[in-house]
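Notes to accompany the following structure.
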Amino acid sequence: MRPARVEVTEVVSSRYDTVEGGIVARPSEWDRRLEGVDVVKVSGGNTLRLRSSAMQSPPKPGWVLMLTGGNESEGYAWTLYGLSRTH
């Protein structure tokens, strides 16, 4: 896959529990942080599986991500590229 830039519009599911107000947060304790899959909707309406490392916070609406590898079934590797001006 070629790198692609996408904007998150909704978090469908996360490797962490959803907390108050629908915001998903990475635990502050290092030993409770997990790698895994976060599922998001992006502008344009597509739903993507993201392979997230334990070091990455769960994506949030308005985040602009750079997809750097992977595929639809196993998930995409990503890095935070920026924040949308609308959020």
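A quick note: this is a predicted structure, and the numbers were derived from the prediction, not measured. In what follows, residues are counted from 1 in the order of the sequence shown.
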If you look only at distance, which donor and acceptor atoms sit under 3.5 Å apart when one is on a side chain in residues 27-37 and the other is two or more places apart or in another chain?
unit_1 : atom_1 : unit_2 : atom_2 : d
Glu29  : OE1    : Arg32  : NH1    : 3.0
Arg33  : NE     : Pro27  : O      : 2.9

- Query: Val40 and Leu80: same hydrophobic cluster, using ILVMFWY side-chain contacts below 4.5 Å?
  - Reply: yes
- Is there side-chain contact between Val8 and Val6, with heavy atoms separated by less than 4.5 Å? no
- Note on the structure: Rounded to the nearest 0.5 Å, the CZ atom of Arg5 sits from the CG atom of Leu67 at a distance of 11.5 Å
- Is a donor on one side and an acceptor on the other found under 3.5 Å between the side chain of Ser84 and the backbone of Trp63? no
- Query: Is Thr79 close to Met66 at the side-chain level, that is, under 4.5 Å between some pair of heavy atoms?
  - Reply: yes
- Item | Heavy-atom closest contact (Pro59 atom, Leu65 atom, distance) | CB-CD1, 4.5 Å
- Message: What verdict does the side-chain contact (heavy atoms from CB on, under 4.5 Å) test give for Tyr16 and Arg26, after you've listed the backbone C-alpha separation in whole Å, the side-chain angles of each residue and the deciding distance to 0.1 Å?
- Response: CA-CA 7 Å; Tyr16 298 116; Arg26 177 180 65 182; 4.0 Å; yes
- Could you give the distance from OG (Ser14) to NZ (Lys60), rounded to the nearest 0.5 Å? 8.5 Å
- Task: Would you indicate whether the side-chain heavy atoms of Val39 and Thr47 approach each other to under 4.5 Å?
- Result: yes
Side chains of residues 50-57: which donor-acceptor partners sit under 3.5 Å, not counting sequence neighbours?
unit_1 : atom_1 : unit_2 : atom_2 : d
Arg51  : NH1    : Gly75  : O      : 2.8
Ser52  : OG     : Arg15  : NH1    : 3.4
Ser52  : OG     : Asp38  : OD2    : 2.7
Ser52  : OG     : Trp78  : NE1    : 3.0
Ser53  : OG     : Met55  : N      : 3.2
Ser53  : OG     : Gln56  : N      : 3.4
Gln56  : OE1    : Ser53  : N      : 2.8
Gln56  : NE2    : Trp78  : O      : 2.8

